[in-house]
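Below is one structure; the comments refer to it alone.
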Amino acid sequence: MGKTIAEKIFDAHLVDRPAGDIHVIRMDAVFCHEITTPVAINDLVSRGKDRVFDPDKIKAVIDHVTPAKDSKTALQGKILRDWARRHQIKDFFDIGQNGVCHALFPEKGFVRPGYTVIMGDSHTCTHGAFGAFAAGVGTTDLEVGILKGVCAFHYPVTMKIEVKGRLPQGVFAKDVILAVIGTIGVNGATNKVIEFCGEVVDRMTMEERMTLCNMAVEAGATCGICKPDMTTVDYLWPFIQDEFADKTTAMNAYEVFCPDADAEYDAVIEQDVSDLKPMTTFGYKPDNVKPVAEMKGTKIDQVYIGSCTNGRIEDLRIAAAVLQDQQIAPTVRGIVSPATPQIYAQALGEGLLKVFMDAGFCVTNPTCGACLGMSNGVLAEGEVCAATTNRNFNGRMGKGGIVHLVSPATAAASAIAGHIDNSKLFKG
Amino acid sequence: MKNFSGKVLFLDRSDINTDEIIPAKYLTEISKEALKPYLLEDLKMEEFTPGKDIAGKAVVVTRANFGCGSSREHAPWALEVNGINLVIGESFARIFRQNMFNCGMMAVELPAETIDQLFTRYAGGQTTIETDLQKGLFRVSDGETTTQIPFEISEFDRALVDAGGWVGFADKKY
């Protein structure tokens, strides 16, 4: 019987089967940030086990609240920084080099096909875009990962989502994943891995695949995975060119992590996107989705473009193209947060930041900040934000605030309109 | 081993996420105890007053997909420092469920019909649940009637409960 991508990765990393179908697997990378790691560090210290399994396989970043906003966040940063220094973790990213983890670490080439990755962050599923098994975990799993380089999971059950057709103009990866979540629900993939495939995924860039996999957890999935292909190899080439003679050789090596034709899936879902419209959320769950056109006229106070979902260079290009020679509505506060310093510099070089600023946007440093209501754009009670982020939970961007999840194009168009709208962009 | 018996807090809603259990603005705390006053602060549910309704409770009974969203272990910790080590529900989000057992706490799934019966029969009253881990039995009582409900947890989950969590287990073994 054939195997899915996740099954192949698990079989290649098995350390132990302590009971039932529990697989303790070896980690190729353990990612850390300053919100969920300090408690693990303090616990290791208090247990007299202040060690790391391999400093080269641990990558750390201060990203959620940076620069620190108060004494507490300064302390969280300090605990992570001091720990990274005393364990010679060379891939530690602080002020000036730091950015949103799930945008920064792929950009550094830290994720490869067939890898296993954990992080104390639910959106770790983003890295599955590279054909890796990447799962968000809690602080205790992270702590054991740091100390032992292993993590326990049930053997993966995989759901295949085949995205067919051709995306209409003005409809993006964000709209696809919102539609998928709307179809299967916030509990639709719980305890499962989602394998995204099909012609639309094959044509997607790595950034688009990351947007897709990023929100797999909003349907409950352990991980979203795309099979490695030449797009993956092209993206990774600067980091792997010393390992392989040429790109074809690299692809042949990664081929072992492609699913077998006779792999068994728990469910197969086909999503034809040829007639898909730009989507948005309403209410407080990511599966409360409807076409933007049906929400037209919903007044907004803020537009936020950024986050691990949609804060990458392609997202900024799309939003800037909409904002070119335009002004955002005087009642709207526009905030754009390039997800990493590299993206920031690129956007600066391409003149995108000027477009945002001329349109009336504020450009912030790279940080997770506003997405989870921790800094840099928290909403007041009753305020409404159109955001390119991933969660519309009650209070997510600030107590009493309301979030509508949209694509960068819809966010930019809505900023101009002053309400949720992209009728000028999308003639569906 | 932690305590798994006591008064019950009924939360009659599905998809209660970890932002509702403990809002992100409190993630700047690095001690578990500091989370105590903020448990379920942003819970979107009618007729729920966090402080008053949580006081003295030791068990949560809820619906489907409890703990979805963020991976924050602050959610189990906020429950734990409020004396709640057991959540019984129709289903749980993967990370939350794992976090509970990783902390030596329990997230126990019961069939939807059983959960329904618990809500119908016991919600609103002074209900207690006594957990018999050896027999795999919950004794639910409101002082008048008692219902015995069998439950199962896996061998691995039981090992984590016995070890007081995953760090203790993994450190011995790997």
Side-chain angles (χ1 to χ4, degrees), chain A residues 15-16 18-20 22 24 35-36 38-39 42-44 47 49 64-65 69-70 72-73 75-76 79 119-124 135-144 147-150 152-154 186-187 190-191 217-218 220-222 284-285 372-374 378 391 393-396 398-399, chain B residues 14-21 23-32 34 41-45 63-77 90-104 154-160 165-171 173-174:
Chain A
V15 172
D16 185 28
I22 297 292
V24 174
I35 298 296
T36 53
V39 179
N42 286 351
D43 193 60
L44 286 170
R47 289 172 187 266
K49 295 181 185 295
H64 274 56
V65 184
K69 65 173 179 178
D70 55 20
K72 286 178 178 174
T73 50
L75 177 60
Q76 288 180 307
I79 292 170
M119 181 174 199
D121 191 287
S122 60
H123 292 110
T124 306
V137 296
T139 291
T140 301
D141 273 338
L142 179 71
E143 183 174 336
V144 171
L147 185 64
K148 303 284 180 180
V150 298
F153 294 93
H154 286 282
V186 292
N187 203 6
T190 302
N191 294 319
V217 70
E218 308 314 331
T222 306
Y284 300 106
K285 296 196 307 169
L372 71 167
M374 290 194 85
V378 179
R391 287 192 174 128
F393 295 160
N394 183 39
R396 175 74 177 178
K399 196 174 180 67
Chain B
S14 287
D15 307 317
I16 292 175
N17 64 64
T18 53
D19 273 79
E20 291 177 289
I21 298 170
K25 63 184 171 191
Y26 303 119
L27 304 187
T28 60
E29 300 294 347
I30 51 169
S31 91
K32 298 176 185 179
E41 186 181 275
D42 275 351
L43 179 62
K44 197 84 178 165
M45 205 175 80
R63 300 282 184 177
N65 200 28
F66 187 82
C68 60
S70 160
S71 66
R72 63 191 67 161
E73 203 161 301
H74 305 69
W77 297 338
E90 195 182 317
S91 64
F92 295 92
R94 186 197 70 84
I95 305 173
F96 175 83
R97 189 190 168 287
Q98 194 59 51
N99 286 346
M100 288 287 285
F101 284 100
N102 279 350
C103 291
S154 73
E155 187 191 336
F156 183 62
D157 290 340
R158 179 60 203 261
L160 294 181
W166 171 231
V167 178
F169 181 97
D171 195 38
K173 205 153 175 203
Y174 305 111

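By convention in this document, chain letters (A, B, ...) are assigned in the order of the sequence lines, proteins followed by strands, and residues within each chain are numbered from 1.
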For each of A:Gly120, A:Gly395, A:Gly136, tally heavy-atom pairs with chain B at distances under 4.5 Å, and name the one with the top tally. A:Gly136
Is chain B contacted by the side chain of A:Arg396, its backbone, both, or neither, given a heavy-atom distance below 4.5 Å? both
The residue among A:Val144, A:Thr140, A:Thr139, A:Leu142 that forms side-chain contact (heavy atoms from CB on, under 4.5 Å) with B:Asn102 is A:Thr140
Quick check for you: among A:Leu147, A:Val39, A:Asp43, which has the greatest number of heavy-atom pairs under 4.5 Å with chain B? A:Val39
Looking only at heavy atoms, which two atoms of B:Arg94 and A:Ala135 are closest? And how far apart? NH2-CB, 4.1 Å
Are A:Lys148 and B:Asp171 within salt-bridge range, i.e. N to O under 4.0 Å? yes
Do you know which of A:Leu75, A:Val15, A:Ile35 has the most heavy-atom pairs under 4.5 Å to chain B? A:Ile35
So does A:Phe393 get a backbone contact from the side chain of B:Asp19, meaning a donor-acceptor N/O pair under 3.5 Å? no
Can you say whether A:Pro18 sits under 4.5 Å from chain B via the side chain, the backbone, both, or neither, judging by heavy atoms? both
Could you pull out the closest heavy-atom pair between A:Met374 and B:Ala24, with the gap in Å? CE-O, 3.5 Å
What part of B:Ala170 is in contact with chain A, defined as an atom under 4.5 angstrom from a non-hydrogen atom: side chain, backbone, both or neither? both
Between B:Arg72, B:Lys25, B:Lys44, which has the largest tally of heavy atom pairs under 4.5 Å with chain A? B:Lys44
Chain A contact via B:Phe169 - side chain, backbone, both or neither, heavy atoms under 4.5 Å: side chain
With a 4.5 angstrom heavy-atom cut-off, could you sort out which part of A:Leu372 is near chain B: side chain, backbone, both or neither? both
Minimal heavy-atom distance between A:Asp16 and B:Lys173, with the atoms involved, is OD2-NZ, 3.1 Å
Which heavy atom of A:Gln76 sits nearest a heavy atom of B:Leu27, and at what distance? NE2-O, 2.7 Å
If you look at every heavy atom in B:Ser71 and A:Ser122, which pair is closest and at what distance? OG-N, 3.4 Å
Whether A:Asn394 side chain and B:Glu20 backbone form a donor-acceptor pair below 3.5 Å: no
Does any backbone or side-chain atom of B:Thr28 lie under 4.5 Å from a heavy atom of chain A? Answer side chain, backbone, both or neither. both
Residue part contacting chain B, namely of A:Val378, when any heavy atom lies under 4.5 Å: neither
Please flag which part of B:Asn17 lies under 4.5 Å from any non-hydrogen atom of chain A: side chain, backbone, both or neither. side chain
Heavy-atom cut-off 4.5 Å, strictly under: side chain, backbone, both or neither for B:Asp15 against chain A? side chain
Among A:Val137, A:Val217, A:Thr190, A:Ile79, which residue forms the greatest number of heavy-atom pairs with chain B at distances under 4.5 Å? A:Val137
Would you call B:Ser70 and A:Arg391 a side-chain contact if the rule is heavy atoms closer than 4.5 Å? yes
For chain B, which candidate among A:Val65, A:Val186, A:Val150, A:Asp70 shows the most heavy-atom pairs at distances under 4.5 Å? A:Val186
Atom group of B:Ile95 that falls short of 4.5 Å from chain A, counting heavy atoms: side chain
Under 3.5 Å, side chain of A:Glu143 to main-chain N/O of B:Trp166, donor-acceptor pair present? no
Ranked by heavy-atom pairs below 4.5 Å to chain B, first place among A:Thr36, A:Asp121, A:Thr73, A:Asn42 goes to A:Asp121
Which bit of A:Ala221 comes within less than 4.5 Å of chain B, counting heavy atoms only: side chain, backbone, both or neither? neither
Top residue by heavy-atom pair count (under 4.5 Å) with chain A, among B:Ala159, B:Ser91, B:Gly69, B:Ser154? B:Gly69
Where B:Glu73 and A:Asp141 come nearest, the two heavy atoms and their spacing: OE1-N, 4.5 Å
